[in-house]
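As the structure is a computational prediction, the values presented were derived from the model and not from experiment. Proteins get letters first, then strands, A, B, ... in listed order; numbering begins at 1 in each.
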2 protein chains.
Amino acid sequence: MGDGSCRFVHILLVEDDVRLGEALQRALQRLSYTVSWLRDGRTALAAMRDRTADLVLLDLGLPGRDGIDVLVEARRAGVETPVLVMTARDGLSSRVDGLDAGADDYLVKPFHVEELAARIRSLNRRMRGLAANRIDVGMLSLDMGTSRVVFRGRTVDLTRREFALLQALMENAGRLVRRESLENSLYGLDHVVGNNALEVLVHSLRRKLDHETIRNVRGFGYMIPRDPK
Amino acid sequence: MGDGSCRFVHILLVEDDVRLGEALQRALQRLSYTVSWLRDGRTALAAMRDRTADLVLLDLGLPGRDGIDVLVEARRAGVETPVLVMTARDGLSSRVDGLDAGADDYLVKPFHVEELAARIRSLNRRMRGLAANRIDVGMLSLDMGTSRVVFRGRTVDLTRREFALLQALMENAGRLVRRESLENSLYGLDHVVGNNALEVLVHSLRRKLDHETIRNVRGFGYMIPRDPK
DNA sequence: GCGCCGCTTAAGCGTTTCATAAGGCGCCTG
DNA sequence: CAGGCGCCTTATGAAACGCTTAAGCGGCGC
């Protein structure tokens, strides 16, 4: 998936709403995750007990406050899989309870896929133990802690979007990142952006770096080669 | 664990709520801390007097304002163990009281486990570095014991919020601190959308210092440079 | 109770950043 | 070789972001 790991990351998606569930599943699969979508608390709990998942994406909006019970139950059973909780904005108390009950992070609906992806990467990194919030590729060095980018020993000032784009590319250094995938992780599921926004962004990023490191693969997307030339 | 220590760190968790207590204990154990979970003020006070703990995690939401009394009592008895206080969002006064009573740091509920871990590491580092509770950065000096701030040799009167903000920035001097991170540590996770409280706070702090030392990084957050030019 | 103080919210303003549109260039295909 | 398609580049208006000032609110001391 991209944060230094080579193996597949398996995500358990617990969401009762069909439309949202479908959308999330698609978005996550596009980000190269393996997704198991479960629609109710009972099967979710069973799946968590199996400990086959690397991360659980749990919707607390399940009917009957089912979600929290699942979480509490699983924790009590000794399941230590990182859990990212999704809550509606109005459900303030449930959000609080969620964190209390043992969630590792939470996300308020509605949210951007960009945000979700960032949280998932963060949780995965933390789980893996390495505080690796730095990526080095060739002459490029990107620090997500300080949001600083150094290129050929020179600090480069990037805007938020540029930073996000570069991060997405560097996390997948050496691999092609599909245009669609980039657009999704930069903008949202909404996807209301025009079709050349990405190109313009790439262009402005290239001007701040150089015009070689970000390569285009015609018809597919972009990539940063791991071994320059 | 990551903050340079090799020995075990023993944390005293004082929390009456069963679910939250369980969750915290598990989370801390997962971070390789040794946790003793106590459910009431009396036993907590006794345990603090033993001085076997390296750090105390104290919930001020205990019934009957028990928590504050425990803290005051322990300090009066000469216990110098670092205390991290957890307060509910509404309990603003109790938070203030907590700091007055001798807490070393506070956390507004609800919070991310990640945030808690960061505070604990910070407290541990501070405790171990014999310079105990003072941070010096450039012309700035901040003393958490006396809550005094000296800037260019001149004592500056700060409010509690301003102090907390400056502390968060100075603890990460030279690194950018994300806006979201600042908001979380100042207000807890429940910040309402569309508020610019942080900017106003930064402004008032700048007026008491100067308009250069606190730098803004557009789209990301704020920072205080370690080596001011 | 009155006024002060600290905090939050709101609104105005300048600056930066971004999405869009539109023209140009190169590559591939027919 | 002509045309289409995908990408690059530039310009421009709109939105986002941050700074500042002012007003409202509650707590606390007088």
Indicate for each nucleotide in nucleotides 10-23 of chain D, in 5' to 3' sequence, whether protein heavy atoms under 4.0 Å reach the base (B), only the sugar-phosphate (S), or nothing (-). B------BBBBB--
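Applying the side-chain hydrogen bond (donor to acceptor under 3.5 Å, both in side chains) test to B/E199 and every residue at least two apart in sequence or in another chain returns B/R179. By the salt bridge (charged side-chain N to carboxylate O under 4.0 Å, His left out) test, A/D157 is found to be paired with no residue, residues two or more places apart in sequence or in another chain being considered. The salt bridge (charged side-chain N to carboxylate O under 4.0 Å, His left out) test applied to A/R152 returns A/D210, not counting sequence neighbours. Residues passing the side-chain hydrogen bond (donor to acceptor under 3.5 Å, both in side chains) test with A/R119, sequence neighbours excluded: A/D105, A/E115.
If you measure from atom CG of A/L205 to atom P of D/dT9, you get 12 Å, rounded to the nearest angstrom. Atom CD of B/E162 and atom C1' of C/dC5 are 11 Å apart (whole Å). Counting to the nearest Å, the C1' atom of D/dC7 and the CZ atom of A/R215 are 16 Å from each other. The CG-P distance, from B/L186 to C/dG6, rounds to 17 Å in whole Å. Atom NZ of A/K208 and atom C1' of C/dC18 are 12 Å apart (whole Å). At whole-Å resolution of the value, CG in A/L176 and C1' in D/dC7 are 15 Å apart.
In terms of position along DNA chain C, the nucleotide closest to A/L158 lies nearer the 5' end than the nucleotide closest to the other residue of the pair A/L158 and A/L198. Both B/L201 and A/R161 sit near DNA chain C, but only B/L201 has its closest nucleotide nearer the 5' end.
Remark on the helix from C/dG1-D/dC30 to C/dG30-D/dC1: inter-end axis angle 30°, axes from five-pair C1' superpositions, rounded to 10°.
Contact check, A/S204 against C/dC18: no side-chain N or O comes under 4.0 Å of OP1 or OP2.
Between B/R39 and B/E15, none of the side-chain N atoms (NZ, or NE/NH1/NH2) sits under 4.0 Å from a carboxylate O, so this pair counts as no salt bridge.
In this structure the side chain of B/V217 never reaches within 4.5 angstrom of the side chain of B/Y222, judged on heavy atoms. Side-chain contact check for A/M170 versus A/R226: every heavy-atom pair is 4.5 Å or farther apart.
With no hydrogens or angles considered, a side-chain donor-acceptor pair links B/R178 and A/S147 at under 3.5 Å. Side-chain atoms of B/N124 and B/R121 include no donor-acceptor pair closer than 3.5 Å.
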